[in-house]
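Start at 1 and go down the list; that is how both ligands and their atoms are numbered.
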Amino acid sequence: MRLIIEARLVDGETDPVEEGDGALAVVERTDLSLAELGLTLAEGRSLLAKVQTELISQQVQRWLAGQTHCESCGAALRHKDSRSTVLRTVYGKVTVKSPRLWSCACQGTARTEQRVVHPLSKALTRRVTPELEYLQAKWAVHLPYRQATNMLKEVLPQDKGISFSSIRHRILDLGKQLDADIERDIAQLPQSVADEQVRECSHVAAVSVDSAWLRNCDPGRDPGRHVNIVAGRATFTDGPPKLYAYVHKEVTSAAARLDQFLSRNGVARDERVTVISDDAGEFGKTVEGSQLARGRILDWFHIAMKFQAAERSVFGSKMIDSMERESVETEIIHAKWLE
Ligand SMILES: [Zn+2]
């Protein structure tokens, strides 16, 4: 059995359907068993790549047909030569022929000579489709770059369309753009108001902030380097939680980052938000100087740890007699539950 998939081009909605001049793909199943049921991954990839090439070629050809005359006087533009333009899409890399034309004589003056115009280059400033950039960015933040590249290559016709380095570049570019956006926001943060004018924010339930050290495990590059990452999570009374994070050494002001995050998530300049952290040092590093995170509490687990340390010091002390020790211990336990 053979399944023949054809491409047919129809111009208008009512135009008659013409017979296609060739098959796009032929799927063959020689025996009658169900062992090979449906399209295989390889057949699917190949089919999608062929459909994409066919569609893009036709779209570009038809669009170019409307670009061959002068916009001002309508005269036909002379053909100079053709170049190849490579477009990267979710369904593969497509190469299209892109003609270069001489600009119209009506556009030139005695001083300026005729120019070369390249309509397709002018129209397609980016050679990568937004969907492919989206997929690359999405999977590269969830997986190591190499694994993201291999995964996309496995499911999409991306044999030579994407590479480890293109994904890495894309992520670094995106990071720079996000950073620039945040810095722009920080420059526009509103002035803070005095403590007495501030009310509790009803929209943000709480923000928790913590930090961690990551060790560079790539033996080829700076093996001993440690990176301190700060990450925070805001919970809202009316929506899903949001996260923010940065590399501590890479930002000029940690407090400004926190304020930008809160401000972007709807906290007004006269509102206060409570931040929970596991250590007083974290407040010093990540929250100190914040105009919006005015409430600060240590999380319950770490408070309990501090009481445990206090209890241990009472037991270990030779300065306290057993009667006194008991009463101090009771006080510590009571104080703990006061929290
Ligand atoms: Zn003209």
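Arg88 contributes a side-chain N or O that, together with a main-chain N or O of Gly161, makes up a donor-acceptor pair within less than 3.5 Å. Side-chain atoms of Thr237 come within 3.5 Å of backbone atoms of His203 as a donor-acceptor pair (strictly under, hydrogens ignored).
By the criterion of a separation under 2.8 Å, the protein N/O/S atoms near the Zn ion (ligand 1) amount to Cys70 SG, Cys73 SG, Cys104 SG, Cys106 SG.
Phe164 carries Arg146 over the face of its six-membered ring, with the cationic atom under 6.0 Å from the centre and within 45° of the normal.
Here Arg296 contributes atom CZ and Thr286 contributes atom OG1; the two are 8.5 Å apart, rounded to the nearest 0.5 Å.
Sorted by first and then second residue, the side-chain hydrogen bond (donor to acceptor under 3.5 Å, both in side chains) pairs involving residues 256-267 (not counting sequence neighbours) are Asp179-Arg257, Glu183-Arg257, Asp185-Gln260, Asp185-Arg264, Lys242-Asn265, Asp259-Ser290.
Side chain to side chain, Glu282 and Ser211 meet the donor-acceptor criterion of an N or O pair below 3.5 Å.
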